[in-house]
Amino acid sequence: DQQVKQNSPSLSVQEGRISILNCDYTNSMFDYFLWYKKYPAEGPTFLISISSIKDKNEDGRFTVFLNKSAKHLSLHIVPSQPGDSAVYFCAASAQLGAQKLVFGQGTRLTINP
Amino acid sequence: DGGITQSPKYLFRKEGQNVTLSCEQNLNHDAMYWYRQDPGQGLRLIYYSQIVNDFQKGDIAEGYSVSREKKESFPLTVTSAQKNPTAFYLCASSIQGDQPQHFGDGTRLSIL
């Protein structure tokens, strides 16, 4: 039962353009969502998060949008840079879940020069 | 620098042997976690601990064991009962009751 899904295994974007990574979830108890970035042979690095009381959170080039009715969130990166090439994971937690995170499968983003 | 240290980075073991993966953190975090990552899949929770001398099973605990004798340390033992142990193992920690979780750089375990 995949509670958090990232349906695009890979995404290729030209440098300077916008990258949009998508994530869907099924568990309505999830109330906190995070995006992590991962380089090969390294651990994930926290990027940005959003609480279910908000529908948008912005941090520099990164913006996360949450659509609770659709159970969908997205990460926008603008402008995209070569260093953004990595695997991006979305993750979700439920307030009653003892901080347990449920991860999506990841999307490999490649930024082309 | 504060952080999470996992050692070794690569580990090879013969089939049927138990192996212990190390995870140490100096972030003064109460909560620690172990995840497993397989190719094309997200991270799956093996075990987590919210406080010293206490831990709970995650979604895929079978074939694994942990201990939490010290706040800084949360070692994971992959036992011979784990049917498919070859994977990338990630340790994380967080402030109790808060996100985000901070990750180490992982240990890649290969069973020969």
Side-chain angles (χ1 to χ4, degrees), chain A residues 1-10 21-27 30-54 57 59 62 64 75 86-108, chain B residues 3-11 21-25 27 29-51 54-61 87-110:
Chain A
D1 178 26
Q2 191 78 30
Q3 297 186 69
V4 178
K5 296 181 182 180
Q6 294 176 255
N7 292 317
S8 297
S10 63
L21 296 95
N22 294 304
C23 180
D24 297 295
Y25 62 95
T26 57
N27 189 341
F30 289 147
D31 60 1
Y32 194 75
F33 305 88
L34 306 89
W35 284 95
Y36 283 86
K37 174 181 180 180
K38 185 180 180 302
Y39 293 119
E42 293 184 10
T45 302
F46 169 71
L47 262 180
I48 191 169
S49 62
I50 188 167
S51 165
S52 59
I53 63 173
K54 293 185 174 182
N57 189 26
D59 184 3
F62 302 92
V64 56
L75 174 68
V87 177
Y88 290 78
F89 291 97
C90 69
S93 72
Q95 189 174 5
L96 301 177
Q99 302 93 46
K100 289 172 61 177
L101 284 179
V102 180
F103 284 83
Q105 309 96 307
T107 296
R108 181 177 301 279
Chain B
I4 301 175
T5 301
Q6 290 187 243
S7 60
K9 198 165 182 67
Y10 299 95
L11 190 54
L21 282 61
S22 170
C23 178
E24 303 279 332
Q25 55 98 0
L27 299 168
H29 286 169
D30 287 303
M32 297 187 73
Y33 312 81
W34 274 105
Y35 292 89
R36 168 183 173 139
Q37 185 189 13
D38 294 283
Q41 296 193 34
L43 283 66
R44 292 183 290 167
L45 183 64
I46 303 172
Y47 268 97
Y48 64 103
S49 168
Q50 296 175 270
I51 198 168
D54 185 52
F55 48 83
Q56 288 80 40
K57 293 182 179 180
D59 300 318
I60 54 167
F88 188 52
Y89 290 87
L90 286 157
C91 178
S93 70
S94 69
I95 296 171
Q96 181 63 268
D98 199 7
Q99 295 287 357
Q101 295 176 15
H102 299 268
F103 285 83
D105 281 340
T107 293
R108 184 165 297 281
L109 174 63
S110 298

Problem set entry | Separation between CG of B:D38 and CD of A:Q105, rounded to the nearest 0.5 Å | 12.5 Å
Exercise. A:Y88: what forms a side-chain hydrogen bond (donor to acceptor under 3.5 Å, both in side chains) with it, not counting sequence neighbours?
Worked result: none
Problem set entry | Side chains of B:Y35 and A:L101 in contact at under 4.5 Å (non-hydrogen atoms) | yes
Exercise. Given a strict heavy-atom distance threshold of 4.5 Å, which part of B:D59 is in contact with chain A: side chain, backbone, both, or neither?
Worked result: side chain
Problem set entry | CD on A:E42 to NZ on B:K9, rounded to 0.5 Å | 6.5 Å
For this session: Kindly indicate whether the side chain of A:L34, heavy atoms from C-beta on, has any atom under 4.5 Å from the side chain of B:Q101.
Result: no
Exercise. Within a reach of under 6.0 Å around CZ of B:R44, are more than 12 heavy atoms found that belong to other residues, nucleotides or ligands?
Worked result: yes
For this session: Might you point out which heavy atoms bring B:L43 and A:P44 nearest each other, and give the distance in Å?
Result: CD2-CG, 4.1 Å
Seminar exercise, completed: Distance col, row B:Q50:CD vs A:K100:NZ, nearest 0.5 angstrom, shows 10.5 Å
Seminar exercise, completed: With chain B, the option among A:C90, A:A91, A:G106, A:G104 that has the most non-hydrogen atom pairs under 4.5 Å is A:G104
For this session: Could you pull out the closest heavy-atom pair between B:Q37 and A:F89, with the gap in Å?
Result: NE2-CZ, 3.3 Å
Seminar exercise, completed: Correct closest heavy-atom pair for A:Y36 and B:P100 would be OH-CB, 3.6 Å
Problem set entry | Region of A:Y39 in contact with chain B, defined by heavy-atom distances below 4.5 Å | neither
